[in-house]
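Note sheet for the following structure.
In each ligand, atom 1 is the first atom listed, and ligand 1 is the first ligand listed. FYI, side chains are in, hydrogens and waters are out, and symmetry mates aren't considered; it's all heavy atoms of this structure.
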Amino acid sequence: MDFISTRNSRIRVSSSFAITHGISAEGGLFIPVSIPKLSDGDFTKLRSMSYIERAAFVLKTYLTDFSDEEIENCVKGAYTDSFDGDNPAPLAALGTDTRIIELWHGPTCAFKDLALQLLPYLMTTASKHEADGKKIVIPVATSGDTGKAALEGFKDVENTEIIVFYPSEGVSPAQKLQMSTQAGKNVHVFGIVGNFDDAQTGVKKIFTDQSVIEKLAANGYEFSSANSINWGRLVPQIVYYISAYCDMLNEGVDLSNGFNITVPTGNFGNILAAYFAKAMGVPVNKLVCASNKNKILTDFINTGVYNKNREFYTTISPSMDILISSNLERMLYILSGDDEYVCDLQFELLSEGQFEVGDEIRRKLSETFYGGYCDDEKTLETISSLYKDFGYLCDTHTAVAVAVANEYKEVTGDKRPMVIASTASPYKFTKSVLRALGADVPEDEFEAIEKLNALTGVSVPAPIAALSGKKVRFGEIIDKTEIKSAVYSSLNI
Ligand SMILES: *Cc1c(COP(=O)(O)O)cnc(C)c1O
């Protein structure tokens, strides 16, 4: 399987190259030249497999320059013992026809772990294939969860240095503590003055800055990415949608007319993985793209206009406070098959802050996607009603998805079973969850955690409980113009 760049389809590289480099030199994102199809026989086999075996099976269809043994070692390393329970992506039932796929049983309690526990294995294996002997430097822009998951995945991984930039005022207290107390010899963490888009744009800029690349090379370093612009982040996410389908079939859920999937969306990575699962043969009818008040994707799906010239809101679902959804570029390439068109759109986005797609693409988009959004008030109401009606406690991001999934069912009358991606533990956003339940909210984060636990009896994930009393190692806050110098100082170059 070859990978091509969304901005120049004549560039063809191996999966190892795509994973070690993260992004194509001219700024495009790598995607596979075609999407492998799974046969009925494949699904029969997948149904009787463990999660680790399913992951290996799916990865083998994309990472064809890895040996079977390498892939098996990677998935075993990533998914053995790092998640509580033997299924890293278990399903919870809400009534007969709705399933929540809980993606937060890993070391940092958000869905990013599913990819970022695996990525270091993929990257170190791939870099052996590339054999250029350089150390890999991974600058990460995070809206809160990627940063911690990347730190946890890459800490003390040989020949890597990881440097995380988060919006200093844009993450939850638990997220900030998780990052600022991170252990490891090769980890660096900076808050930046600005929002996630500032962090992401700053990091993307140094990736393609020739002077930075040369200075790194002179010191034996090269860049890669752990953000979802890296194909190695996306491929592990396809697995859990296929796995959820197999688990539902095994449970006896009637999927004869297909099912729908709702994903709380920011950078469009998780929902793009669901799109790949659908294209591989999972009988998904609609992909419901759920946004918070930063509803740029809802508007795009409904009007064909992507316009980031709008107010940016800080919400109680901060991991989705994003106006530039990087992975949409991959979707635009898949729908148009035209690299020049993608270049034009990205150029317009950069220069005008907006672009509009043609009727054909718009039609294809709305065939596959439904876009909806939910503000903070509705998010809180949804947490509360879900808890009352089903005794199910969810975080703010998952609640956005639940609200939009409900809206989708009402608006369309579509009664197919629904799978909702639950992307974080409620204990990552404890204060908002407590508020939703109508409780008084203590100032102290750990008191709040204890209170939510006492109120609901839902157990506190061990990694969150362990944060209490950890020493803060990283408190530095920099301007967004200082990202380059922060990279140099982290590497002592
Ligand atoms: C990252 C994140 C999202 C958004 O996922 P994308 O792949 O960026 O669309 C949603 N919820 C949580 C909790 C996250 O950490």
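For atom 4 (C) of ligand 1, the nearest protein heavy atom (residue, atom name, distance) is Gly266 N, 3.5 Å. Closest protein heavy atom to atom 11 (N) of ligand 1: Thr423 OG1, 2.8 Å.
Checked by distance only, ligand 1 and Ile322 stay at 3.5 Å or farther apart across all their nitrogen or oxygen atoms. Residue Asn270 places at least one N or O, backbone or side chain, under 3.5 Å from an N or O of ligand 1. Ligand 1 has no nitrogen or oxygen under 3.5 angstrom from a nitrogen or oxygen of Phe429. Geometrically, ligand 1 and Asp145 share a nitrogen or oxygen pair separated by less than 3.5 Å.
The ligand atoms of ligand 1 that sit less than 4.0 angstrom from a heavy atom of Lys112 are 1 (C), 2 (C), 3 (C), 14 (C), 15 (O). Short contacts between ligand 1 and Gly269, defined as distances under 4.0 Å to a heavy atom of the residue, involve ligand atoms 6 (P), 7 (O), 9 (O). Of all atoms in ligand 1, numbered sequentially from 1 with element shown, those under 4.0 Å from a heavy atom of Thr265 are 9 (O). Ligand-side atoms of ligand 1 in range of Met320: 10 (C), range being under 4.0 angstrom from any heavy atom. Close approach of ligand 1 to Ala424 (heavy-atom distance below 4.0 Å) involves ligand atoms 13 (C).
Using the six-membered ring where Trp is involved, Phe355 and Tyr306 have ring planes that are parallel, under 30° apart on the 30 and 60° scheme. The aromatic rings of Phe276 and Tyr62 sit perpendicular, their planes meeting at an angle over 60°, well past the 30° parallel limit. Using bins of under 30°, 30° to 60° and over 60° for the plane-to-plane angle, the ring pair Tyr79/Phe83 lands in the tilted bin.
Ligand 1 is approached by Pro264 to a heavy-atom distance shorter than 4.0 Å. For Phe111, the closest heavy-atom approach to ligand 1 falls below 4.0 Å.
Exactly one residue among Lys308, Arg310, Lys293 makes a salt bridge (Lys or Arg N to Asp or Glu O under 4.0 Å) with Asp299. That residue is Arg310.
With respect to Arg363 and Glu367, a salt bridge is recorded, a charged nitrogen being found less than 4.0 Å from a carboxylate O. With salt bridges taken as basic N to acidic carboxylate O contacts below 4.0 Å, one links Arg7 and Glu329. A salt bridge does not link Lys480 with Asp197: every distance from a Lys NZ or Arg NE/NH1/NH2 to an Asp or Glu carboxylate oxygen is 4.0 Å or more.
The environment of CG in Asp81 is sparse: at most 12 heavy-atom neighbours from other residues, nucleotides or ligands sit within 6.0 Å.
Because its NZ or CZ atom is not both nearer than 6.0 Å to the ring centre of Tyr370 and within 45° of the ring axis, Lys286 does not count as a cation-pi partner of that residue.
Distances from atom 8 (O) of ligand 1 to the heavy atoms of Asn267, Val263, Asn227 show the closest one on Asn267.
The residue Lys428 has no part lying near ligand 1, judged by heavy-atom distances below 4.0 Å.
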* **Worked check of ring pair (Phe, Tyr, Trp, His ring centres under 6.0 Å) between His397 and Phe429** => CA-CA 9 Å; His397 304 74; Phe429 305 93; 4.6 Å; yes
